[in-house]
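Here's the structure we're looking at; comments come further down.
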Amino acid sequence: MKMSNDLEKKFQDQITLEFAASMTYRQLAIEADEQDLPGIATWLRHQADEEIVHANKFIQHVSDRDNHSAISTIEAPGVKPGLSVLEIFEAALAHEQKVSEAIRELYRSADKEGDYDSRPILNWFMDEQIEEESTVSEIIGRVKMIGDDGSGLLRLDSELGARPTETTEADAG
């Protein structure tokens, strides 16, 4: 079932937001690299790649519905240089919360139009966002616990750097 032009536009906006999220994570990775925290930078780059996978899932959904995917203008991430590790992850959480709210709004719009064909992908994304926010919140809690302890920060850096590698072409399920 083809979606309405209005809903198509909202999905296009979500695609753009997913790519913007990728750029935000890339910039946050640069900030971690600047602090000689390669594990945290690697984790953030993996998040950036995952956001591209998410954009690709939305693109495929729109295409499968015989609609047209498009990417709008993407603004620079607006990440300030010199962020602390805590600020890096707080910025990541804030962006995940923004994406979560956009997906909830997309869900409300699809429901309002009676577009039940979008429910499976939107349900998947709602579950994914709960997981994303929880993961980043847990990291924030650990960073707060570590405080100024350099050895604790290095351990967290090592743990986050051990995340399995995925590509932007991975099937996200």
Side-chain angles (χ1 to χ4, degrees), residues 9-59 69-107 122 124-170 172-173:
K9 171 69 172 106
K10 290 177 180 175
F11 269 89
Q12 291 169 347
D13 291 344
Q14 188 66 39
I15 290 165
T16 301
L17 183 58
E18 297 292 339
F19 282 117
S22 178
M23 290 178 60
T24 298
Y25 272 115
R26 289 280 175 196
Q27 187 63 51
L28 292 171
I30 290 168
E31 294 307 311
D33 269 332
E34 291 291 322
Q35 296 178 45
D36 297 323
L37 296 169
I40 291 172
T42 296
W43 189 90
L44 292 162
R45 282 191 297 274
H46 286 311
Q47 285 298 110
D49 289 345
E50 190 173 284
E51 298 300 340
I52 293 172
V53 170
H54 293 173
N56 288 340
K57 285 180 79 74
F58 278 117
I59 290 167
S69 295
I71 303 167
S72 299
T73 302
I74 300 174
E75 300 293 325
V79 173
K80 296 177 187 175
L83 295 178
S84 69
V85 172
L86 179 60
E87 290 169 326
I88 287 171
F89 284 104
E90 287 174 338
L93 180 60
H95 205 76
E96 289 295 351
Q97 290 169 334
K98 178 180 178 179
V99 170
S100 294
E101 181 54 32
I103 291 169
R104 285 190 292 273
E105 183 57 35
L106 189 55
Y107 199 108
L122 294 174
W124 185 90
F125 273 103
M126 289 177 74
D127 289 343
E128 177 71 6
Q129 286 307 119
I130 290 168
E131 179 185 325
E132 295 293 343
E133 287 187 36
S134 175
T135 298
V136 177
S137 291
E138 180 182 309
I139 293 169
I140 288 171
R142 293 178 71 195
V143 170
K144 286 179 178 178
M145 189 183 314
I146 291 167
D148 293 331
D149 178 29
S151 62
L153 186 58
L154 291 175
R155 180 176 175 171
L156 179 63
D157 183 63
S158 178
E159 287 176 20
L160 292 179
R163 180 179 180 176
T165 304
E166 296 179 3
T167 69
T168 58
E169 298 302 317

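All values reported here derive from a predicted model rather than from experimental measurement. All values below come from the heavy atoms of this structure, side chains included, with hydrogens, waters and symmetry mates left out.
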salt_bridge(Asp49, Arg26) N-O dist < 4.0 Å: yes
Side-chain heavy-atom pair Leu83, Phe89 within 4.5 angstrom cut-off: no
Shortest non-hydrogen contact from Ala32 toward Ile88: N-CD1, 3.9 Å
Minimum heavy-atom distance Glu31-Val79, with the two atoms named: CG-CG1, 4.0 Å
side-chain contact (heavy atoms from CB on, under 4.5 Å) between Glu131 and Glu96, worked out: CA-CA 10 Å; Glu131 179 185 325; Glu96 289 295 351; over 6 Å; no
Any side-chain heavy-atom pair of Gln27 and Lys80 under 4.5 Å: no
Nearest-0.5 Å distance that lies between atom CG in Asp36 and atom CG in Leu154: 10.0 Å
Gln12 vs Ser69 side-chain heavy atoms within contact, under 4.5 Å: no
Closest non-hydrogen atom pair between Leu93 and Glu133, with its separation: CD1-O, 3.9 Å
4.5 Å side-chain heavy-atom contact, Trp43 and Thr135: yes
Check against side-chain contact (heavy atoms from CB on, under 4.5 Å), Asp13 and Leu106: CA-CA 10 Å; Asp13 291 344; Leu106 189 55; over 6 Å; no
Smallest separation among heavy atoms of Leu28 and Ala91, with atom names: CD2-CB, 4.0 Å
Enclosure of Arg155 CZ (heavy-atom neighbours >12, cutoff 6.0 Å): no
Approximate separation, where rounding is to 0.5 Å, of Phe19 CZ and Thr24 OG1: 13.5 Å
Side-chain touch Leu153/Ile40, heavy atoms, less than 4.5 angstrom: yes
Carboxylate-amine/guanidinium proximity below 4.0 Å for Arg142 and Glu159: yes
Distance-minimising heavy-atom pair for Ala29 and Arg45: CB-CG, 3.7 Å
Any Ile130 side-chain heavy atom under 4.5 Å of Met126 side chain: no
His95 to Ala20 - nearest heavy-atom pair and separation: NE2-C, 4.1 Å
Verdict with supporting geometry, Gln14 and Glu18, side chain to side chain donor-acceptor pair (under 3.5 Å): CA-CA 6 Å; Gln14 188 66 39; Glu18 297 292 339; 2.9 Å; yes
Backbone N/O of Ser72 and side chain of Thr16: donor-acceptor pair under 3.5 Å: yes
Contact check, side chains of Val99 and Ile103, non-hydrogen atoms, under 4.5 Å: yes
Verdict with supporting geometry, Ser100 and Gln129, side chain to side chain donor-acceptor pair (under 3.5 Å): CA-CA 6 Å; Ser100 294; Gln129 286 307 119; 3.1 Å; yes
Centroid-centroid under 6.0 Å between Phe58 and Phe125 rings: yes
Side chain to side chain, Tyr25 and Glu51, heavy atoms closer than 4.5 Å: yes
From CA spacing to verdict: side-chain contact (heavy atoms from CB on, under 4.5 Å), Glu132, Gln47: CA-CA 9 Å; Glu132 295 293 343; Gln47 285 298 110; 2.8 Å; yes
Candidate pair Thr42 and Leu160, rule side-chain contact (heavy atoms from CB on, under 4.5 Å), full reasoning: CA-CA 8 Å; Thr42 296; Leu160 292 179; over 6 Å; no
Gap between atom OG of Ser151 and atom CG of Asp157 - 0.5 Å precision: 12.5 Å
